[in-house]
Number of protein chains: 2
Amino acid sequence: MTPHDPAQLIERLTRVLQNEAHAGGLKPTQWEALRYLARANRFSRTPSALTAYLGTTKGTVSQTVMALERKGLITKVSAPSDRRQVDLALTAAGRSLLEEDPYEHLSQSWAQLDGQAQEQLSESLALLLQEMLRRRKGRPFGVCRSCKFFRANAEGNGRHRCALLNQALTEADSALICVEQEPAG
Amino acid sequence: MTPHDPAQLIERLTRVLQNEAHAGGLKPTQWEALRYLARANRFSRTPSALTAYLGTTKGTVSQTVMALERKGLITKVSAPSDRRQVDLALTAAGRSLLEEDPYEHLSQSWAQLDGQAQEQLSESLALLLQEMLRRRKGRPFGVCRSCKFFRANAEGNGRHRCALLNQALTEADSALICVEQEPAG
DNA sequence: CTCCTTTAGTATCGACTCGATACTTTCGAT
DNA sequence: ATCGAAAGTATCGAGTCGATACTAAAGGAG
């Protein structure tokens, strides 16, 4: 009964998910921005990076960011190193709201599947996404540690290094999403 | 490197897809409505059914439908049996525009995967969607033939029957999506 | 050091989605 | 004949989104 082509399944899943993402007084895009900021490293918590992540335009992101700030979920601070940039950070309220993330339902449903189905889904989905991004030439937004510029323990004492930005990285840094990330060969 | 939880993968895939769905002068929702109408059977090509499918409200769907009509992609005809209802139908232009459906990229990317990954993805995704819908208590919108009210060949001569609506069904009907569909036990 | 270009963000417009509410028309059941 | 439910439409406000125009700061090149 299930269509062989998963495009229809993904289309349907996407729609169900988008409907759920109107909870908690936020819009789907606002949830996505909030999630991103919670997972992005310090080089990547700017409106520019968010623009690249969401794949829209500066103007739209500017509005979304203003809405989140108005709701008290994030703060905007002009970057000391470059005063054109704005550092975005989650407030305590923002972090606590994320615990009601409607996407948790998705993880819960996934958790209901048996072990083999879970494994299969994760693997095949990763391949599909990779293929989509390859076509689109979009940035992968992977975690720091898997980047080709990541130099493990290059600073000693368990401190790593980014060979692109020439910055020291903590263990915590290396687990976060980075705009500049390029998968290691 | 890939997160074990596929929620992030699906979130990302969804976003990439939504960005692509702004092509051809249509909005993502308009594409979805067009796709639905192309695949829905005659009991299901109404604003009500479309509302249930999209999971939004009557008002929103009314606007989307008006936009598609304005663009010459669908026609609206008051139903003869019940004059409250409106029958929606794709025009030739609508059908031809669907050949440029941005979701084709998704099918193409899927086609790039090897046979096993394709199989795994379809199966696991179907399970996940089923689980999501079970939680949401949303209608599955499956094809007519897989419904518990479907009576194969009940009219003879390869004509089938819907035991819910008491209507004869052609072979073509039975392959289409139905609002009333409930999976056979 | 001054021009000039690039980069980061904001401001604003128009089209659209979306939830919510109020309304009209039609059907059906009592 | 009446009343209530169902199918759509109309309209409002908030938000997304692309597009364009704008400001301010940084980084050269001379």
Side-chain angles (χ1 to χ4, degrees), chain A residues 14-34 36 43-71 73-88 102 179-180, chain B residues 14-34 36 43-71 73-88 102 179-180:
Chain A
T14 291
R15 173 50 67 164
V16 171
L17 244 32
Q18 216 215 357
N19 291 149
E20 301 219 342
H22 280 273
L26 294 193
K27 302 283 178 176
T29 299
Q30 296 174 346
W31 276 114
E32 268 198 277
L34 210 58
Y36 172 78
F43 312 124
S44 312
R45 290 189 288 254
T46 66
S48 293
L50 186 53
T51 298
Y53 181 80
L54 295 178
T56 62
T57 55
K58 298 186 293 181
T60 301
V61 168
S62 186
Q63 300 228 66
T64 299
V65 164
M66 283 190 292
L68 290 175
E69 192 191 20
R70 219 182 311 128
K71 291 170 198 276
L73 303 173
I74 64 173
T75 56
K76 291 168 62 178
V77 177
S78 172
S81 58
D82 184 337
R83 276 182 308 179
R84 288 173 305 181
Q85 287 185 19
V86 172
D87 276 342
L88 304 173
V179 223
E180 307 289 357
Chain B
T14 292
R15 172 51 65 163
V16 170
L17 245 31
Q18 215 215 0
N19 292 149
E20 300 217 342
H22 279 275
L26 295 191
K27 302 284 177 177
T29 299
Q30 296 174 345
W31 276 114
E32 267 195 278
L34 210 58
Y36 171 79
F43 313 124
S44 312
R45 289 189 289 254
T46 66
S48 294
L50 186 53
T51 298
Y53 182 79
L54 295 177
T56 63
T57 55
K58 298 187 293 183
T60 301
V61 168
S62 186
Q63 300 231 67
T64 299
V65 164
M66 284 190 293
L68 289 175
E69 192 190 22
R70 219 181 311 128
K71 291 170 199 276
L73 302 173
I74 63 173
T75 56
K76 291 167 62 178
V77 177
S78 172
S81 57
D82 183 338
R83 274 182 308 178
R84 289 174 302 181
Q85 286 183 18
V86 172
D87 276 342
L88 305 173
V179 225
E180 308 287 358

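Every heavy atom of this structure was used, including side-chain atoms; hydrogens, water molecules and symmetry mates were not. Below, chain A is the first sequence line, B the second, and so on; all start at residue 1.
Legend: residues meeting side-chain contact (heavy atoms from CB on, under 4.5 Å) with B:A49, ordered by chain and number and at least two apart, are B:Y36, B:S44, B:T46, B:V179. With sequence neighbours excluded, the residues that form a side-chain contact (heavy atoms from CB on, under 4.5 Å) with B:E69 are B:I74, B:K76. Qualifying salt bridge (charged side-chain N to carboxylate O under 4.0 Å, His left out) partners for A:R84, counting only residues two or more places apart in sequence or in other chains: A:D82.
Annotation: side chain of A:Q85 is not in contact with side chain of A:S78 (no heavy-atom distance under 4.5 Å). In this structure, B:D87 and B:R45 have side chains that are not in contact, with every pair of non-hydrogen atoms separated by 4.5 Å or more.
Using a 4.0 Å cutoff to heavy atoms of chain A, the contacted part of DNA chain D runs 5' to 3' from D:dG15 to D:dA26.
Contact annotation for A:T56: backbone-only contact, meaning every heavy-atom pair under 4.0 Å involves sugar-phosphate atoms and none involves a base. Using a 4.0 Å heavy-atom cutoff across all strands shown, A:T29 reaches sugar-phosphate atoms only and no base atom. Among the atoms of the strands shown, only primed sugar atoms or phosphate atoms (P, OP1, OP2) are found under 4.0 Å from some heavy atom of A:Q18. Here A:Q63 lies in heavy-atom contact (under 4.0 Å) with a base.
Taking atom CG of B:L26 as the reference point, atom P of C:dA15 lies 16 Å away to the nearest angstrom. Summarising the geometry, the separation between NZ on B:K58 and P on C:dC23 is reported as 14 Å, rounded to the nearest angstrom.
Evaluation of the salt bridge (charged side-chain N to carboxylate O under 4.0 Å, His left out) test over residues 15-34 of chain B, restricted to residues two or more places apart or in two chains, returns A:R15-B:E32, A:E32-B:R15, A:R136-B:E20.
If B:H22 and B:V65 are placed on DNA chain D by their nearest nucleotide, the residue sitting closer to the 5' end is B:V65.
A:S62 has a side-chain polar atom (N or O) that falls below the 4.0 Å cut-off from OP1 or OP2 of C:dT10.
Judged purely by atom type and a 3.5 angstrom limit, B:W31 has no side-chain atom pairing as donor or acceptor with the backbone of B:G24.
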In a table with atom names and distances, give each donor-acceptor pair under 3.5 Å that connects a side chain of residues 51-60 of chain B to protein atoms at least two apart or in another chain.
{"unit_1": "B:T51", "atom_1": "OG1", "unit_2": "B:P47", "atom_2": "O", "d": "2.7"}
{"unit_1": "B:T57", "atom_1": "OG1", "unit_2": "B:T60", "atom_2": "OG1", "d": "3.3"}

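Considering all non-hydrogen atoms of both residues, B:P102 and B:A21 come closest at CG-CA, 3.8 Å.
Heavy-atom distances under 4.0 Å link DNA chain C to no residue of residues 44-54 of chain B. Contacts with DNA chain D (heavy atom under 4.0 Å) in residues 73-88 of chain B: B:K76, B:R84, B:Q85, B:V86, listed by number.
Residue B:L26 holds its CG atom at 11.0 Å from OG1 of B:T64, rounded to the nearest 0.5 Å. Atom CG of residue B:L50 and atom OG1 of residue B:T29 lie 10.0 Å apart, to the nearest 0.5 angstrom.
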